[in-house]
Each structure stands twice: as C-alpha cells, then as structure tokens.
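Just below is one structure, and these are the notes that go with it.
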Amino acid sequence: MGDSITLAVHRCRFVDYTPSAITAVAFPPLPLPSISDKDKNPAVNQSSRFGTLAVGHANGNIDLCAWAGGERDQQSSQAWVIRKTLPGPHPSKVDSLTFVLRYPDDLNADDIPSCSDLRLLSSGGGSELLEWDMDRARVKRTISSQGGAIWCMAANPASSLLALGCEDGTVRLLSLVNDTLTHYRRFDRLKCRILSIAWGPPTPQHPEKHNGRDHNSDSDDEEDAWIDTWLVTGSSDSSIRKWDVATGRVVDRMGMDKIRGERTLVWTVGVLGDGTIVSGDSLGMVKFWDSRTCTQLQSFQGHGADVLCLAIGPEGNTVFTSGVDQKITLFSLVKTGGFNNTSGPSTSRWVQSCSRRLHSHDVRTLATWPPYTVLPPSYKRRFPIDVSPILASGGLDMSVVVTPAALPSTTVVKVINPLSTSAHCTFEDSYHRRLAYSVGASGIPAIQVARKARLISCIRDSGVSIWRVMARPSVDDDPDTQEIDVSPPLESAGWKKVLEMDLNVNTNLIASAISEDGRWLVVSDSCETKLFSLTLDVRTSYQVDPCIGTNRDKKDQDHIHVRRIRDFSSIIQAHLPSSNSSTGGQAFQFTPDSSKLVMSTTALSYVLVIDLAGEKPRVLRRFDQHRSKNSIVHDRVVKGLKSDDDVDMVDATANEDDHGEDTEKAHASAIVNILRLSISPDGQWLATSDDHARTHIFNLDSIQHHSVLPTFAKPTQVLAFDPREPNILIMAFPDNTLQVYNVESRQFPTWGKELCNTLPRRFTHAHDPVLGVAFDAAAPRYALFWGSTWICKLSLTGSAPRGLTKKRRRESMKASSLLSIDDTHRDLKMIAHYRPILYLDSLASGELVVVERPLVDVLSDLPPAYFKHKYGAS
C-alpha cells in the first residue's frame with residue numbers, strides 16, 4: 001500500500017501499575033422451584049442469558065462483569081467483560097463474596113436474575129459485613145457480626161438467611177427477608193474459628209390439607225415453603241460439624257486426619273443434594289462424608305498443599321477443588337452397578353478424574369455457571385446438555401480463568417463451547433481462557449497521556465505517578481516505501497519519573513485525567529474530586545571535569561511543582577442539589593486547548609462543564625439528560641419524547657427550597673453511571689455514554705444538549721471522535737462491534753453502516769474486548785483499535801463496493817461475513833506481540849506509546865509459588 005507509513009513505538013514497561021489479586025468470584029443463584037409444581041425438575045433456559053460475574057480483589061474493589069454476547073447468543077469470544085467497578089474503602093480487602101435474590105418470590109424457577117434482582121454482600125477479614133448498592137457503585141449498608149472477624153459466609157438456597165462463621169467460634173444467622181439485613185440467631189459457641197460453612201438441602205413443606213372453613217385463607221402463605229434443617233461448618237480444630245438450624249446446636253462431629261498432632265484446618269466445605277458433604281483441608285485431602293451417619297465415604301489426596309476452595313458442578317455430579325498447589329482437580333460421580341440399578345451410595349462412587357494447572361500461583365476461589373442449587377434429588381435441576389458449563393477461577397496471579405467444564409459422558413451429542421476457544425468442551429481437553437486483568441476501574445484505563453507535554457500518568461489505589469517520555473531521535477525513513485508497522489520499539493528515547501504523589505482518600509481511586517499541555521491533573525475517588533495545577537520545571541545542569549575545567553556532560557532535571565485547587569470540591573458542591581452529596585467523579589475529559597474540564601459525577605449522574613481559564617475554576621453548566629426516565633421505553637429511545645431541559649447553573653447562594661425540590665427530583669430520576677466521555681479534536685462536541693447504553697451529544701461551543709442516540713444492545717466500551725472529521729463519532733462495544741455516527745447531521749452515514757456490517761472476523765472474534773482506539777496524523781485513513789493482547793489497524797473508509805444496488809450490497813456483505821477466520825482483509829492488520837497492553841495512544845505525529853505490564857513483572861513481587869520436586873529428592 002503506497003499510503004502506509006511506519007510508526008515509531010515507545011514501548012513503555014516502566015509504568016509500575018500492579019493489578020490486585022483475586023480473592024473471590026461469584027455467580028448469582030437461581031430461584032428455587034415451586035413445590036406445588038408437577039414438574040419437579042425445572043430445566044433452566046441456559047441459552048437465554050449468562051449471569052453476572054462478580055470478581056472481588058485484595059484491594060477491596062469488586063468488578064461486575066457482564067456476558068459480552070447477546071441475550072440469545074450461546075457463544076462469545078470475549079466471554080465476560082468488566083461492566084462496572086465498585087470501589088472499596090481504602091484500605092480494605094474482599095475475602096468472601098455472595099449474591100442473594102432480593103425478592104425470590106417475584107422470580108420464576110427458570111428465570112436468570114439480573115443485577116436489579118440481586119443483592120451483593122461481601123466481607124473483608126474484619127467484623128463488618130458490607131452490602132453494596134450496585135446501581136450507585138457504593139456501599140449501601142454495613143452491619144457488625146458481633147463475633148469478631150468474619151471468616152466465611154453462605155446464603156441459604158431460598159436467599160432468606162445468611163450464615164456467618166466468626167472469629168469467636170459462633171455461627172450467626174442474618175435475616176435477608178424483604179430486602180433487610182438484621183441479626184436473626186446465634187448458634188452455640190465453639191473454642192475455635194469457623195473457617196468454612198455451607199447449607200444443607202432444604203426440606204419442602206407441602207401445604208397442609210384443611211377441612212375447616214378457613215381452607216383457602218392461608219393457602220397462599222403455605223405454598224412453596226422451603227425449610228432449612230441443617231448446615232455444616234469446617235473449623236480450625238481438625239473437625240467438621242453438622243448443626244441443627246432450628247436449635248442452633250451441634251448434631252454431630254466429624255474428625256479430620258492429623259500429622260504429628262498438629263491441627264488440620266478445614267478451609268472449604270460443600271453439600272450436595274443427596275446430603276453428601278465435601279471438604280478440603282490443609283493437608284491437601286478432599287473427603288466425602290455421609291451427612292446421615294456423619295461417617296467418611298471416600299478420601300482422596302487430591303492436592304500437594306492446602307485446599308482453599310471448591311465448587312460443585314451444575315448437575316451435582318462433579319466437584320472442582322483447588323488451592324495452594326495451583327492445580328484444579330475434577331472429581332466425578334460414576335456408576336459402579338448395572339445400568340438397570342438406580343444410583344445411590346451402593347451403586348455409585350466418586351473418582352478423581354483429572355487435574356489441570358491453569359494458574360501460576362495460589363488459587364483462592366472457584367465458581368461455576370450455571371450455579372449449583374442444593375435441592376433434594378426429587379427436585380434436582382436439569383440443564384441443557386448441548387451447552388457446556390463454565391468454571392471460573394481466580395487467585396494471586398490476578399487473572400480470572402474461565403474453562404469449559406463438560407463431562408465426557410455429555411459428549412454423546414454435540415456440545416457448544418460458550419467461550420469459542422476450541423471444539424472440545426470437556427474440562428480435561430478444552431482450552432481455557434485467561435481474562436485480561438483490569439486496566440482500571442470500570443474498564444477505563446488508569447493510564448493517561450498528555451501529548452504536548454509528553455507525560456504519562458497512572459493512578460493506583462491511593463496515589464498517582466507521572467513520567468516524562470523524552471523526544472525520540474530523528475530518523476530518516478521514507479514514508480512512501482514503508483508499510484505501517486508498530487513492531488520496532490524505541491529503546492534509546494528514554495524516560496524519567498517526574499512525580500510520585502500519595503493522596504488521602506476514602507475509597508480507592510476510580511478515575512483520572514491529565515490535560516494535553518500537562519498543566520492540569522484531576523483524580524477522584526467515589527467521594528471527592530481533586531484538581532491539581534502542574535508546572536513542569538526543566539533545568540539543564542552541567543557536570544564539570546575537574547581535570548580540564550570544562551563542561552563534560554549535561555543532564556535534564558525535570559521537576560513538577562504541584563498545587564492543589566483547595567476549593568474545587570466546594571465549587572462542585574455548590575452546583576449539586578443535595579448539600580451532603582459526594583463530589584466524586586466517574587469520568588473526566590479535558591478539552592484539547594485545556595481550557596475546560598468535563599466530568600460526570602458519581603452521586604447524581606450529572607455532567608458538569610467546568611471553565612479553567614479564569615483565576616479559579618467555574619462551573620458553566622450542569623446537564624441532567626442521563627437522569628431522565630421519560631425518554632426510555634422498553635430500553636429504547638422513542639422519537640418524540642423529550643428529556644428534561646438543560647439545567648442552568650444556580651448561584652451558590654440559592655435558597656434551601658430550591659435544593660429540596662431538586663433533591664426530590666433526584667430521587668425520582670434514573671440511577672445511571674456515566675462511564676465514557678469523549679471530546680472532539682476541535683473541542684466542539686462532547687459525547688457521553690452510561691451503563692444503560694444511552695449516549696448523548698452536547699455542543700461545547702454553545703454549551704447545550706445536541707442529540708441523543710438510540711440505545712444499543714450493549715453499553716458503549718469506547719467513545720472516540722475521528723481527528724480527520726471531528727463530527728464523526730466512533731463507538732465500540734464489548735463484542736468488538738462498531739457504530740459510526742455523524743453528530744452534525746444526526747445520522748448514521750451509509751459508509752459507516754457498510755463498515756460496521758463488513759468487519760472482519762479476526763476483529764470481531766478477537767479473544768479480548770476492545771479497550772481503546774488511537775489515531776495518528778501520519779496515517780489518516782486508519783484507526784488503531786487495541787485490546788489487552790492485540791492491536792488492530794483498521795481502515796475507516798468502508799470495505800463494501802460503492803455504486804451497487806441495495807440487493808448487491810447485501811449480497812456482498814453476506815459473502816464477506818462468511819469468510820473464514822484465516823482470510824485476510826485488505827485493510828486489516830492484527831499485531832499480537834505486545835501483551836498485556838495497559839494503554840495505547842498517539843504521542844505525536846508518527847509516534848505511538850504502548851504501555852505494557854508483563855505478567856512476569858507483576859508476579860515478581862509475589863512470594864514464590866508452591867513447588868515440590870518430584871524427581872531427585874533424597
């Protein structure tokens with residue numbers, strides 16, 4: 001191609017961004033079936049939707065990951081993508097994580113609950129239990145365990161009770177009925193810690209038959225009553241105990257093996273529908289127990305070190321265990337009798353099927369989708385056998401690994417692999433997927449670039465660092481004879497750290513931005529936004545040779561003088577309706593001339609336009625289009641329905657009555673999180689998008705609302721304006737699909753539709769979602785889309801032939817969609833040798849910045865992983 005050009009790459013590995021270890025993963029539970037229903041084996045329509053994946057981190061953050069495919073898609077190459085991050089208090093951690101149903105009676109047995117149907121609870125090693133508001137991304141309420149540190153927790157199958165295992169040796173039950181969180185009961189105290197806990201199968205309570213006149217009066221209340229009879233706990237005194245829920249007393253005790261008299265820690269327990277208890281301990285043993293007689297059924301030396309977690313397959317016939325030795329071991333229930341015999345303790349047994357090492361360090365947590373529900377055998381759930389279940393695991397290596405987990409016995413029919421990694425779907429033979437670790441809160445990169453000042457900023461949990469990239473040496477390349485290539489890095493350009501700053505924060509930092517000229521830096525947690533004025537002081541110092549008395553060398557000493565704008569929070573607070581609302585921001589963007597700052601607030605979903613040109617910052621306008629409810633019908637924007645008018649800024653001395661009216665209006669407005677902002681290169685247009693998939697366009701010249709786009713099936717992952725045509729907005733989605741919108745004409749151009757409909761499969765089926773897009777003036781026809789493990793050079797001119805009729809154009813698009821994944825696209829180039837990528841952007845014309853954080857560098861700060869010599873040991 002004659003118009004291609006070589007881009008010089010700054011391959012930056014000096015950015016010390018370190019993701020947090022994964023300590024808990026959880027999938028939402030399924031509603032219990034109806035007792036009175038004749039069909040006691042409900043089949044869940046698994047193909048309708050995959051559940052939300054919650055990932056808890058050691059720094060206290062919780063990532064909510066949504067399935068990247070459509071509601072009816074059974075496969076997705078991107079699997080689960082981070083939709084939203086719940087910032088944890090600083091400092092804190094997440095040790096246990098569980099979903100419960102908010103109102104279980106409102107859901108059918110075959111429904112898959114969404115986030116609005118769920119409650120999320122977590123504990124972090126202390127005595128406080130946290131309930132999260134997933135809509136507002138903050139802590140909703142806390143409650144003390146009244147028993148010291150919380151070591152474990154588990155919700156009953158009906159989502160009405162939550163059991164806590166505490167430091168003082170007690171089990172405490174909390175009531176969850178009707179969206180409450182209150183103490184309900186305390187069990188007898190033990191002289192040891194409760195390390196693990198699990199509920200037994202509930203007992204169905206059938207409606208009593210009344211012969212009196214009040215036969216129909218209480219029939220509705222007596223239906224569908226599931227009674228919890230017992231639960232099991234693992235302790236630090238080498239024992240497992242079975243508890244009676246009604247009395248709160250120990251029914252029986254099961255002893256574990258000991259070595260040299262030392263106590264064995266029971267780190268994890270689980271219960272199957274037939275009452276079988278599964279345990280994993282600090283000796284690496286996986287044991288199966290009979291809950292009726294409280295005797296051991298089988299024992300396996302499944303691991304070489306502590307077993308920290310286990311998960312039960314959807315059908316209850318598989319158990320996955322893992323722990324310190326990094327192995328995930330599969331145990332399967334196989335029949336040992338004749339085919340005509342019914343399965344039971346005498347005709348079936350557990351076998352250790354296989355083991356796989358999917359992680360490079362300790363595995364802390366396991367979860368399966370569809371989730372297992374502890375139910376009696378007569379009410380056992382049935383799932384489609386043509387879709388493979390998924391096993392999710394996480395640990396100290398900071399990445400979630402998802403693996404197809406079908407049994408070999410289910411391969412008698414063609415089984416679909418939801419991850420599209422291979423044709424194999426069994427746990428033993430399938431290829432796993434390592435989800436890229438988070439590049440920042442809510443999928444927004446924690447790294448930002450100031451092009452004119454050549455600065456790179458990076459936020460951590462409670463601090464920010466800034467580096468300066470030196471100018472590249474001059475090169476004499478002929479652009480007409482070179483193809484576009486981002487492979488040769490610049491090692492000699494150099495870099496220098498110019499700022500390291502720790503901040504006093506309430507929660508972990510969630511967003512930041514740095515202006516193009518490097519004069520402004522803004523960072524925010526969920527409670528407060530901090531604005532800093534930066535002054536770069538570049539001084540040249542000379543080293544004098546004492547022998548000859550002349551200048552021998554010179555060095556550039558870069559220093560950044562930081563001045564915080566102290567009254568910035570009060571300026572923002574004066575223009576928010578409620579006086580006690582937080583001033584934190586979820587997304588920030590500076591205009592290209594660094595004269596304005598646009599931010600979205602965390603509390604009330606406002607978009608603020610702030611002028612920075614004066615002596616002190618000044619809020620120009622507050623937009624509330626994202627808060628309106630009346631423009632949404634069936635999750636679609638309906639033409640003719642107008643959103644609320646733009647809200648002009650009120651004076652800081654507004655009376656209290658106005659604040660009260662605004663507060664009442666705030667309670668009636670929609671709760672959204674505005675996570676994506678983009679400003680056109682000419683500074684005229686602003687695009688904002690929220691987690692309800694709504695995108696609004698604003699005119700920054702007139703500071704008015706311009707238009708609203710139709711809602712798409714998925715929230716926008718990337719927003720960017722084309723530098724060649726600043727009125728062209730490019731939107732990328734988690735499934736690597738694109739949309740092109742002309743903001744001036746308020747239309748989707750024809751060439752954009754052709755481009756979006758003819759995207760190559762290598763791009764749309766990439767195994768990581770798109771995280772950003774970069775443009776370079778030296779390559780005006782192309783855009784560089786990038787994910788964690790790939791960079792894609794894609795032409796934005798459209799690939800469908802021009803001048804064809806609609807029928808011919810449709811045939812051309814259909815033919816292009818049938819190309820195999822190995823077919824090359826004339827305007828496509830995939831580059832996969834940069835990984836994992838944290839950020840990519842254009843630094844100047846012909847210069848590209850690629851920030852990498854190799855997994856080897858991240859793991860080097862961790863203690864050595866467990867390793868045991870198999871050969872040559874004395």
Side-chain angles (χ1 to χ4, degrees), residues 21-24 58 93-97 123-127 145 147-154 163-172 187-199 231-243 250 252-271 277-289 291 294 296-312 319-329 331 359 361-366 393-396 863 865-866 868:
I22 295 172
T23 54
K93 62 178 180 177
V94 177
D95 280 339
S96 301
L97 197 64
S123 65
S127 60
S145 67
I150 301 173
W151 281 85
C152 57
M153 64 179 181
L164 304 179
C166 301
E167 174 80 16
D168 65 349
T170 60
V171 175
R172 284 174 164 82
F187 287 8
D188 291 345
R189 178 173 297 178
L190 303 177
K191 295 181 180 180
C192 59
R193 297 188 184 100
I194 307 296
L195 301 180
S196 53
I197 193 168
W199 290 84
L231 56 81
V232 62
T233 61
S235 307
S236 59
D237 63 345
S238 310
S239 63
I240 300 173
R241 289 176 174 86
K242 179 181 177 182
W243 299 79
V250 176
D252 212 332
R253 176 182 177 274
M254 293 155 273
M256 309 297 292
D257 299 334
K258 294 183 180 181
I259 295 182
R260 295 185 296 272
E262 296 182 358
R263 289 186 175 184
T264 301
L265 307 179
V266 184
W267 290 117
T268 179
V269 292
V271 181
I277 300 173
V278 190
S279 66
D281 56 41
S282 57
L283 300 179
M285 303 294 294
V286 178
K287 297 178 180 291
F288 294 83
W289 309 79
S291 63
C294 293
Q296 179 177 302
L297 297 176
Q298 290 177 265
S299 179
F300 300 91
Q301 183 66 53
H303 299 270
D306 298 50
V307 181
L308 301 179
C309 53
L310 66 83
I312 302 174
V319 173
F320 301 90
T321 61
S322 189
V324 175
D325 64 351
Q326 309 118 42
K327 291 193 308 181
I328 299 179
T329 303
F331 298 90
H359 293 265
H361 224 286
D362 300 10
V363 181
R364 294 287 304 275
T365 177
L366 296 172
S393 58
L396 298 186
Y866 171 83
K868 184 177 181 180

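Since this is a predicted model, take the numbers as computed values, not measurements.
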Minimal non-hydrogen separation, [X] against [Y], with atom names:
X	Y	result
A24	L97	CB-CB, 3.7 Å
G147	C166	O-CB, 3.3 Å
G302	K327	O-NZ, 3.7 Å
T233	I197	CG2-CG1, 3.7 Å
H361	L396	ND1-CD1, 3.6 Å

[X] versus [Y]: any side-chain heavy-atom pair under 4.5 Å?
X	Y	value
K242	I240	no
K287	D281	yes
L310	F320	no
V278	V319	yes
L190	S235	yes
I277	M254	yes
D188	W243	yes
C309	T321	no

Once rounded to the nearest 0.5 Å, what's the spacing between atom [atom1] of [X] and atom [atom2] of [Y]?
X	Y	atom1	atom2	answer
S236	K191	OG	NZ	13.0 Å
S239	R253	OG	CZ	4.5 Å
W151	E167	CH2	CD	6.0 Å
I194	R189	CD1	CZ	11.0 Å
Q296	M256	CD	CE	7.5 Å
S282	D306	OG	CG	5.0 Å

- Query: Can you list the steps and then say if C192 with R241 is a side-chain contact (heavy atoms from CB on, under 4.5 Å)?
  - Reply: CA-CA 12 Å; C192 59; R241 289 176 174 86; 4.1 Å; yes
- Message: Among residues at least two apart in sequence or on other chains, which ones pass side chain to side chain donor-acceptor pair (under 3.5 Å) with T170?
- Response: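 D168, R172.
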- Under the side chain to side chain donor-acceptor pair (under 3.5 Å) rule, collect the residues that match up with W199, sequence neighbours excluded.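 Scan of W199 (side chain to side chain donor-acceptor pair (under 3.5 Å), adjacent residues dropped) gives none.
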- Return the set of residues passing side chain to side chain contact (heavy atoms under 4.5 Å, CB included) with T365 (not counting sequence neighbours), or none when no residue passes.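 Partners of T365 by the side chain to side chain contact (heavy atoms under 4.5 Å, CB included) criterion, ordered by chain and then number, come out as I22, V25.
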- Message: Run the side-chain contact (heavy atoms from CB on, under 4.5 Å) test on V266 and V269 for me, step by step, so that the C-alpha distance in whole Å, both residues' side-chain angles and the decisive distance to 0.1 Å come before the verdict.
- Response: CA-CA 7 Å; V266 184; V269 292; 3.8 Å; yes
- Apply the test side-chain contact (heavy atoms from CB on, under 4.5 Å) to residues V286 and T329: give CA-CA distance (whole Å), side-chain angles for both, the deciding distance (0.1 Å), then the verdict. CA-CA 10 Å; V286 178; T329 303; over 6 Å; no
- Query: F288 vs F331 aromatic rings, parallel, tilted or perpendicular, using cut-offs 30° and 60°?
  - Reply: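 It falls in the perpendicular class, over 60°.
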- Query: With distance as the sole test, does S127 use its side chain to make a donor-acceptor pair with the main-chain N or O of G148 at under 3.5 Å?
  - Reply: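 Checking the backbone N and O of G148 against the side chain of S127, no donor-acceptor pair under 3.5 Å is found.
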- Task: Output yes when a side-chain donor or acceptor of H359 lies under 3.5 Å from a complementary backbone atom of I328, and no otherwise.
- Result: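 No; zero donor-acceptor contacts below 3.5 Å.
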- Is it true that the side chains of S279 and W289 contain a donor and an acceptor less than 3.5 Å apart?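 Short answer, yes.
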- Is the closest basic N to carboxylate O distance between R193 and D237 below 4.0 Å?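 No, no charged N to carboxylate O under 4.0 Å.
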- Task: Give a yes or no on whether a salt bridge exists between R364 and D362, defined as a side-chain N under 4.0 angstrom from a carboxylate O.
- Result: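 D362 and R364: not salt-bridged.
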- What do the steps show when you test L308 against T268 for side-chain contact (heavy atoms from CB on, under 4.5 Å), and what is the final call? CA-CA 6 Å; L308 301 179; T268 179; over 6 Å; no
